[in-house]
Protein chains: 2
Amino acid sequence: MKPVREHNLGLVLRRVAEQGPRSRATLALETGLNKSTVSSLVADLIDAGLLRDSPVEERPARVGRPPQSVELDPDGPFVLGLEINVDYLAVWATDLAGEVRHRSFVTNDNRATSPPDVIALLARMAEEALEQPFAGSRHPMLATVAVPGLVDRAGELAVAPNLGWVGVPVARLLNEALEDPPYAVRVENEANLGAVAELVEGAGRGLSDFVYISGEIGIGAGVVLRGELFRGASGFAGEFGHLTIDPFGPPCGCGGRGCLERLAGQDTLLRLAGWDARMRCEGARPEWPGAMLADSARAGHARTLEALSQVGHTLGIGIASLANLLDPEAVLLGGYLAPLSQWLRVPIEGELETRALAGRGMRCRVLPARLGGEAAVRGAVALSRQAALEEAAALPTA
Amino acid sequence: MKPVREHNLGLVLRRVAEQGPRSRATLALETGLNKSTVSSLVADLIDAGLLRDSPVEERPARVGRPPQSVELDPDGPFVLGLEINVDYLAVWATDLAGEVRHRSFVTNDNRATSPPDVIALLARMAEEALEQPFAGSRHPMLATVAVPGLVDRAGELAVAPNLGWVGVPVARLLNEALEDPPYAVRVENEANLGAVAELVEGAGRGLSDFVYISGEIGIGAGVVLRGELFRGASGFAGEFGHLTIDPFGPPCGCGGRGCLERLAGQDTLLRLAGWDARMRCEGARPEWPGAMLADSARAGHARTLEALSQVGHTLGIGIASLANLLDPEAVLLGGYLAPLSQWLRVPIEGELETRALAGRGMRCRVLPARLGGEAAVRGAVALSRQAALEEAAALPTA
DNA sequence: GCAATTAGTTGGGGCTATCAACAAACTAGC
DNA sequence: GCTAGTTTGTTGATAGCCCCAACTAATTGC
C-alpha cells in the first residue's frame with residue numbers, strides 16, 4: 001500500500017476511534033482532506049470491517065441534508081490488556097474504540113508461584129476471554145502485559161523486586177503457553193502503562209509532557225514526553241523511586257543509599273504514621289494503604305498528618321529534581337498516593353516553589369491520578385489499542 | 001507544494017547535507033526511492049540553487065558507468081550562529097553542509113554592558129559577517145543565538161544569572177537592531193546548543209539519547225532524546241545544576257538548598273582544590289579552570305585530586321538520579337568538566353554503579369565532550385542549519 | 001411547494017512516483 | 001581495438017491518489 005494512502009487511512013481511523021462517531025463532512029474538515037477523498041477512505045475502512053454506518057445523529061446545522069456518521073465496527077478487531085501484579089492477575093479486552101468488552105480478575109499470590117505457572121494461569125485467563133460471546137470467532141490483534149518490574153527493549157522482564165522474579169522472558173513464556181497465538185504479545189512496565197492510561201483517559205488527557213508517579217509497594221514512574229511514552233535507551237526510564245534524596249541516608253534494597261523509595265515509600269509512610277508495616281500483607285487489597293491513611297488523615301490524627309507532611313516534603317524534593325530536569329506540565333500522583341494527594345500536595349508544591357526553576361505561572365502542576373488500581377490494565381489495553389490502530393490502517397491491503 | 005514531494009525533497013537534501021556528496025544511484029538506494037524519482041528531485045534541487053554537480057568521484061564498483069555525484073552548492077544558502085556569553089560575543093556562518101565560512105570573536109564584559117548595547121554589538125558583528133566575500137549578495141536563512149540562561153518557548157530570555165539579565169526579549173531586540181532582517185532569529189539556551197553540537201559533530205554522534213552537562217560558571221544540561229533536543233513544556237528542561245543533592249545542604253542562589261551546582265560547581269571545586277574562587281575573574285579565558293586544574297591533577301597535587309574526587313562523587317549522585325529517570329545511553333561532560341573527565345570518571349561511574357538501576361552491560365556511559373568552548377556557537381549554527389534544511393525543501397515552490 | 005442549505009457522490013484533471021526500456025560511460029578480456 | 005558486460009542516468013508511458021467542480025440527495029424555512 002502506498003504510504004500516503006496508509007497515512008490518510010490511519011488519520012481517519014484514529015479520528016473516529018479517539019473522537020467518536022462523526023460524519024464524512026466533519027472528518028474532511030478535521031483532517032483537512034477533501035470531502036471526496038474522505039468518502040473514498042471511509043469506504044475502504046468499511047470494506048475492511050473497521051468502520052460501519054452509525055445510527056448516531058449528528059446535527060451541527062439547522063438546515064441541509066443530515067450527515068451520515070460512521071463509527072468503529074463493534075464486530076471489528078479487538079485487543080487485550082493483561083496484568084501480572086504481586087497478588088492478582090487481570091485481563092481486559094476492548095474494541096478499537098476502547099469500549100471494555102470483557103474483564104476478569106483473579107487473586108493469586110504470585111510471589112509464591114513459579115513464573116511459568118503464573119504465566120500459564122494468565123494464558124488461561126486470556127483464552128477464556130476469547131471464548132466470550134463478544135469475541136465470536138475473531139482473534140485479538142495484540143496483547144500487552146503489564147508487569148511490576150524493569151522490562152528491557154527485547155520484552156524480557158529483567159527484574160521485578162516485589163515479585164522476586166529475575167530475568168523472566170515473559171513474552172516468550174506467554175507465547176509458549178498460548179501455543180503461538182495469532183497475535184503479538186508485548187510486555188511493559190506497570191508504571192509506564194499507568195502513565196499511558198492517564199494520558200488516554202485520565203488526569204493526563206490533553207497534556208503532552210508529564211510524569212506519572214506510581215506508588216505501589218515500590219515507587220516507579222512513567223514518563224510521557226511530547227504526547228508519547230518515553231522508555232529510555234534500554235527501556236528502564238522512570239525509576240523515580242531510586243532518585244537519591246539523601247546521599248548518606250539509610251541503605252536501600254537497590255544497593256544505593258537514601259533513595260526516595262526508602263525515605264518516602266509505603267513502608268516508611270506507614271511506619272511514620274504509626275502502623276506496623278507488616279499489617280500491609282493482611283490488607284490483601286492493593287488500595288488499602290491509601291484509603292486507610294486517607295481515613296486517618298480525614299479523622300485528623302496528628303501522627304498521620306505529620307507522616308504525610310514529611311513524606312510529602314521528601315517526595316517534593318524528588319519531584320523538584322525531576323521538574324528541573326524535564327520541565328513537565330504536570331506530575332500525577334498515582335497508586336496509593338492518589339487518595340493522599342490532598343495532603344501531599346501542599347508540601348510537594350512548597351518544595352517545588354523553592355527548589356525548581358521555572359517561568360512565572362509555568363510551574364509544574366501536581367495532580368491526583370484518576371484511574372486508581374486499574375491504571376496498569378487500562379494502560380495495557382490502551383497501548384494495544386494504539387498499536388492496533390496504526391496497524392489496522394495498513395491492513396486494508398489484504 | 002504537495003507534502004509528499006516536499007518530504008522527498010527534504011529526504012534527498014538532508015542526505016546530501018549530512019552524508020556528503022553522493023550519486024543519484026546511491027541516493028536512490030539509501031532513500032528507497034526510484035532512480036528516476038531521485039533524478040527528478042535532484043534536478044529540482046539544482047534548479048533551486050541548493051545542489052550542484054560535484055567533481056568528487058565516487059567509485060563503488062569497478063566496472064560500469066561512473067556515477068555523477070551531487071553536492072551542496074557552496075553558493076547556496078547559509079546560516080548564522082551567534083553567542084552571547086559572560087565575557088565574549090561570537091558569530092559563525094556556515095553553508096548548509098556545515099562548512100564554516102566565517103567566524104568572529106569579540107571579548108566584551110557583557111555583565112557591565114546593558115542588554116540592548118550588547119545586542120547592538122552582536123548585530124554589528126552579524127552584519128559584518130554578511131559583508132564578507134563568501135556571502136556575496138545573499139542573505140542568511142536563519143540565525144540562532146546562544147545565551148547562558150533560561151529561554152522560554154517564546155524566545156525571551158527569562159533569566160541569565162551570570163549575566164545579571166532578567167526578562168530580556170533577545171529575539172525582539174536583535175530584530176530591531178538589525179532593522180527587520182530578512183531572516184528569522186531564534187534564541188536558545190547555551191547548554192541545549194552544546195548538546196546539539198555534540199550530537200551533530202561531537203561525542204554524541206550516533207547516539208539517540210544522551211545528556212550533555214555543561215560546566216560553565218553554573219552547571220546546565222542539554223537533553224537529547226530520540227535524536228532530538230528536548231526542551232520541556234515551557235523550554236526550561238535541563239536545569240541539572242539545581243538537582244537537590246543534599247536537602248539540608250548550603251543555600252544556593254536559586255533559593256533551594258544543597259543544589260548540585262552549589263556542591264560541585266566551579267567555585268566549590270576551585271575552593272576545595274585550594275584556589276581562591278575570585279582568581280577566576282582574572283583568568284579571563286573561559287577554559288581556564290578546567291585546563292589549570294587538569295595541569296595540577298597531572299602534577300599529582302593531592303589537594304586537587306581530592307577535590308576532583310569529591311566533586312566527582314557529588315556529580316555522580318546527580319548523574320545517577322538522571323540516569324534512573326531518563327536511562328540515557330551516555331552522559332557527556334562538557335565545559336570545564338571535559339578536560340577533567342579522566343579524574344571525574346571513576347567516582348562518577350562508582351556512584352552510577354551503586355545508585356543507578358540498569359541492565360547488565362547497558363549502563364549509561366560517561367564520556368568527555370569534544371567541542372570545548374566552541375560547543376555553544378557550533379550548536380547554534382547546527383540548529384540553524386537543521387531548520388534551514390527543513391525549510392529549503394519547501395522552497396523550490398517559489 | 002420552492003428556495004436555501006448542507007452532505008455525499010461522481011467523473012475529470014493534474015501531480016507524482018514507478019516501471020521498463022534505452023542511452024551513456026566505463027572495464028575487462030580477447 | 002573491439003566487443004561483451006556492467007553500472008548509471010534519462011525518457012516516455014503507466015498507474016495511483018488527491019483535488020476540484022458539478023451534481024444528486026435530503027432536510028428546513030417561508
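Please read all numbers here as calculations on a predicted model, not as lab measurements. So that the names make sense, note that chain A is the first sequence line, chain B the second, and so on, each numbered from 1.
- Rounded to the nearest 0.5 Å, atoms CG (A:Leu41) and CG (A:Leu51) are 10.0 Å apart.
- Summarising the geometry, the separation between CD on A:Gln68 and C1' on D:dT24 is reported as 12 Å, rounded to the nearest angstrom.
- For the pair A:Lys35 NZ and D:dA22 C1', the computed distance is 10 Å after rounding to whole Å.
- Regarding contacts with the backbone of D:dG16, every side-chain N or O of A:Arg5 stays at 4.0 angstrom or more from both OP1 and OP2.
- Side-chain N/O atoms of A:Ser40 and base N/O atoms of D:dC18 include no donor-acceptor pair closer than 3.5 Å.
- Between A:Val70 and A:Arg22, every side-chain heavy-atom pair lies at or beyond the 4.5 Å cut-off.
- When the shell of 6.0 Å around CZ of A:Arg370 is examined, it contains 12 or fewer heavy atoms from other residues, nucleotides or ligands.
- Residue A:Ser39 places at least one side-chain N or O closer than 4.0 Å to OP1 or OP2 of C:dT9.
- A:Asp53 has its CG atom 14 Å from the P atom of D:dA26, to the nearest Å.
- Mapped onto DNA chain C by nearest heavy atom, B:Arg65 and B:Val4 fall at different nucleotides, with B:Val4 at the one closer to the 5' end.
- Taking every side-chain heavy atom of B:Ser36 into account, C:dC19 is the closest of C:dT5, C:dC19, C:dG8.
- Remark: P of D:dG9 and CG of B:Leu51 are 14 Å apart, rounded to the nearest angstrom.
- In this structure, B:Asn8 places its CG atom 17 Å from P of C:dC15, rounding to the nearest Å.
- Screening A:Trp92, A:Phe134, A:Tyr183 for a ring-ring contact (aromatic ring centres under 6.0 Å, His included) with A:Phe78, the sole residue that qualifies is A:Phe134.
- Comparing A:Lys2 and A:Arg24 along DNA chain C, the residue whose closest nucleotide (by nearest heavy atom) sits nearer the 5' end is A:Arg24.
- For A:Thr37 and D:dC19, the shortest distance from a side-chain N or O to OP1 or OP2 is below 4.0 Å.
- Rounded to whole angstrom, the span from the CG atom of A:Leu41 across to the C1' atom of D:dG16 amounts to 13 Å.
- If you check the side chains of A:Ser234 and A:Asp152, you find no donor sitting under 3.5 Å from an acceptor.
- Comparing B:Gly64 and B:Ala25 against DNA chain D, the residue whose closest nucleotide sits nearer the 5' end is B:Gly64.
- With rounding to whole Å, A:Leu29 atom CG is found 9 Å from C:dA7 atom P.
- The CG-C1' distance, from A:Asn34 to C:dG14, rounds to 14 Å in whole Å.
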